[in-house]
Amino acid sequence: MAGGVVVNAAGGKTYPGRMTAFVFFTCLVASSGGLIFGYDIGISGGVTSMDSFLQQFFPSVYAQAEASKDTNQYCKFNSQLLTLFTSSLYLAALATSFVAASVTRVFGRKWSMFCGGLTFLAGSALNGAATDVLMLILGRILLGIGVGFANQSVPLYLSEMAPAKLRGMLNIGFQLMTTIGILAANLINYATVGIEGGWGWRIGLGLAGVPALVITVGALALPDTPNSLIARGYHEDAKAVLVKIRGTDDVHDEYDDMVAASEEASAIEHPWRNILERKYRPQLTVAVLIPFFQQLTGINVIMFYAPVLFLTIGFGDDASLMSAVITGLVNMFATVVSIVSVDRLGRRALFLQGGTQMFIAQIVVGTLIALQFGTAGVGEMSRSNAMLLVLFICFYVAGFAWSWGPLGWLVPSEVFSLEIRSAGQSIAVCVNMTLTFIIGQAFLSMLCTLKFGLFYFFAGWMFVMTAFIAFFLPETKGVAIEEMNLVWSQHWFWGKYVNGDATQHAGGNRRTNGV
Ligand code: BGC
């Protein structure tokens with residue numbers, strides 16, 4: 001089909017596109033932006049459960065945990081200051097995502113990724129050398145700025161570089177790197193917890209510089225996306241990149257559509273105001289609700305606090321980190337499942353299956369904890385029950401890793417038309433980080449008040465979000481990113497908001513050629 005325009009299920013075109021070594025390489029490098037995000041998620045849970053770290057920076061939390069060793073299991077780590085350490089990063093990231101929207105649009109996706117790597121590098125140096133809480137929190141704010149830039153630009157970069165038929169797979173490289181970052185952090189936590197002299201946490205926090213270096217240097221080596229080059233007036237460069245990533249000279253249709261999309265985009269003066277227009281309502285809803293729901297799966301309760309959670313249910317120091325390693329491995333391998341199936345089975349099938357699996361797992365986990373600790377939070381978990389609990393936590397993590405994890409980043413990055421894509425992605429990042437912050441901040445006190453009911457709380461949200469997908473999310477697999485409008489206009493509910501009119505967006509002027 002070299003060069004031929006193929007009509008897809010939605011009635012739009014897909015362009016020729018196979019996996020070339022060049023697109024693979026560029027997407028691999030860009031995906032490493034996920035490493036910094038993941039490394040951070042994994043490392044904070046580990047260090048905040050290390051005695052030496054708590055003693056030095058959060059002595060009152062340490063004293064409280066020691067004093068309540070044999071009392072209420074649900075409340076022993078409850079400290080706002082400790083959670084502020086974990087979640088300050090997300091506040092910085094959400095504020096940064098708006099600045100990143102302009103950098104990404106005006107200077108290109110590449111420079112946004114570069115800024116992300118550099119600030120993250122500075123943050124890791126500050127954290128590794130920290131002597132007081134202020135240095136720790138300042139370091140984390142810098143890390144947050146890095147994550148804000150990277151999460152805004154990397155998913156967009158991947159979705160724009162990838163051929164439509166492989167977009168899911170290549171975009172999920174970002175989530176795969178996130179899970180590798182989490183796993184690496186978990187392993188480092190495990191290796192450093194026992195270091196004599198109690199400075200193991202410095203290694204963990206300082207080593208964040210390694211993934212930061214990878215994305216900083218990587219971003220320098222990458223070309224920008226054709227869409228971004230065209231939008232900034234580098235038409236010849238854009239064509240050259242397109243020829244290279246598609247592995248064929250026959251890129252005229254796709255190139256022309258990109259130029260048309262860009263012309264239309266440049267007519268839009270206020271992407272932030274435009275995004276509020278009625279015709280973008282479905283995309284806006286998705287950009288807000290998908291990351292909102294992703295966080296309400298409760299995944300970060302497991303990711304941030306797995307070590308704390310495992311301590312709570314009676315594992316010893318090492319065992320708790322071991323369990324975090326186990327969930328880290330499951331998280332990574334299950335993400336591969338979605339890489340190989342997302343462009344075949346589609347986004348909806350993964351969302352619906354994964355959502356159901358997570359719902360069941362949460363009910364079981366909540367019930368096991370209820371049976372053991374009741375509402376008083378006292379008791380010890382038997383070894384067999386603890387094993388069962390770890391098993392269902394893994395079942396839950398696997399469900400997340402092939403559904404809401406990767407799709408929570410993929411879907412918002414692919415549904416917008418060019419003129420509002422960067423703004424739309426910022427909204428997705430902002431909602432994601434806000435919710436991550438709120439849940440990170442509230443978790444320990446929620447565990448203390450809701451007790452095992454916390455897991456039922458998240459199960460309730462799982463039900464709501466799975467129903468939302470069933471009724472309101474159209475399938476986007478294989479649809480060219482310039483053609484996304486058709487998907488919305490043909491949807492039973494969103495159709496009334498979106499004008500199916502072929503001129504509404506750029507791809508339209510050429511669509512009739514293919515139909
Ligand atoms: C989420 C993170 C989460 C991670 C776990 C990401 O998609 O955005 O909040 O910690 O997945 O793998």
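Residues: numbered from 1 along the sequence shown. First listed ligand is number 1; within each ligand, the first listed atom is number 1.
- Side-chain atoms of Arg421 come within 3.5 Å of backbone atoms of Phe416 as a donor-acceptor pair (strictly under, hydrogens ignored).
- Each of the atoms 5 (C), 12 (O) of ligand 1 lies under 4.0 Å from some heavy atom of Ile182.
- Within the structure, the closest approach of Phe37 to ligand 1 falls below 4.0 Å when heavy atoms are considered.
- The closest side-chain donor-acceptor pair between Thr335 and Gln175, if any, does not fall under 3.5 angstrom.
- Considering backbone and side-chain atoms together, Asn331 places an N or O closer than 3.5 Å to an N or O of ligand 1.
- What sits closest to atom 7 (O) of ligand 1 on the protein, heavy atoms only, is Gln175 OE1, 2.7 Å.
- Using a 4.0 angstrom heavy-atom cutoff, Gly405 counts as in contact with ligand 1.
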For side chain to side chain contact (heavy atoms under 4.5 Å, CB included), just list the numbers for Leu176 and Met332, CA-CA rounded to whole Å, side-chain angles, deciding distance to a tenth of an Å, and then say yes or no.
CA-CA 6 Å; Leu176 184 66; Met332 188 181 82; 4.1 Å; yes
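- Here's the thing with Thr179: none of its N/O atoms is less than 3.5 angstrom from an N/O atom of ligand 1.
- The closest donor-acceptor contact from the side chain of Lys451 to the backbone of Ala370 lies at 3.5 Å or more, if one exists at all.
- Scanning the protein heavy atoms around atom 9 (O) of ligand 1, the nearest turns out to be Asn300 ND2, 2.7 Å.
- Below 30°, between 30° and 60°, or above 60°: for Trp461 and Phe293 the angle between ring planes is between 30° and 60°, a tilted geometry.
- Ser413 and Gln425 share no side-chain donor-acceptor pair at under 3.5 Å.
- Checking side-chain atoms of Arg105 against main-chain N and O of Ile420 turns up no donor-acceptor pair under 3.5 Å.
- In Trp409, the part holding a heavy atom less than 4.0 Å from any atom of ligand 1 is the side chain.
- Those atoms of ligand 1 that come under 4.0 Å of a heavy atom in Asn432, given as number and element, are 8 (O).
- Residue-to-ligand polar distances keep Thr436 apart from ligand 1: every N/O pair is separated by 3.5 Å or more.
- A salt bridge does not link Lys477 to Glu414: none of the charged side-chain nitrogens sits closer than 4.0 Å to a carboxylate oxygen.
- At under 3.5 Å, a nitrogen or oxygen of Gln294, whether backbone or side chain, sits near a nitrogen or oxygen of ligand 1.
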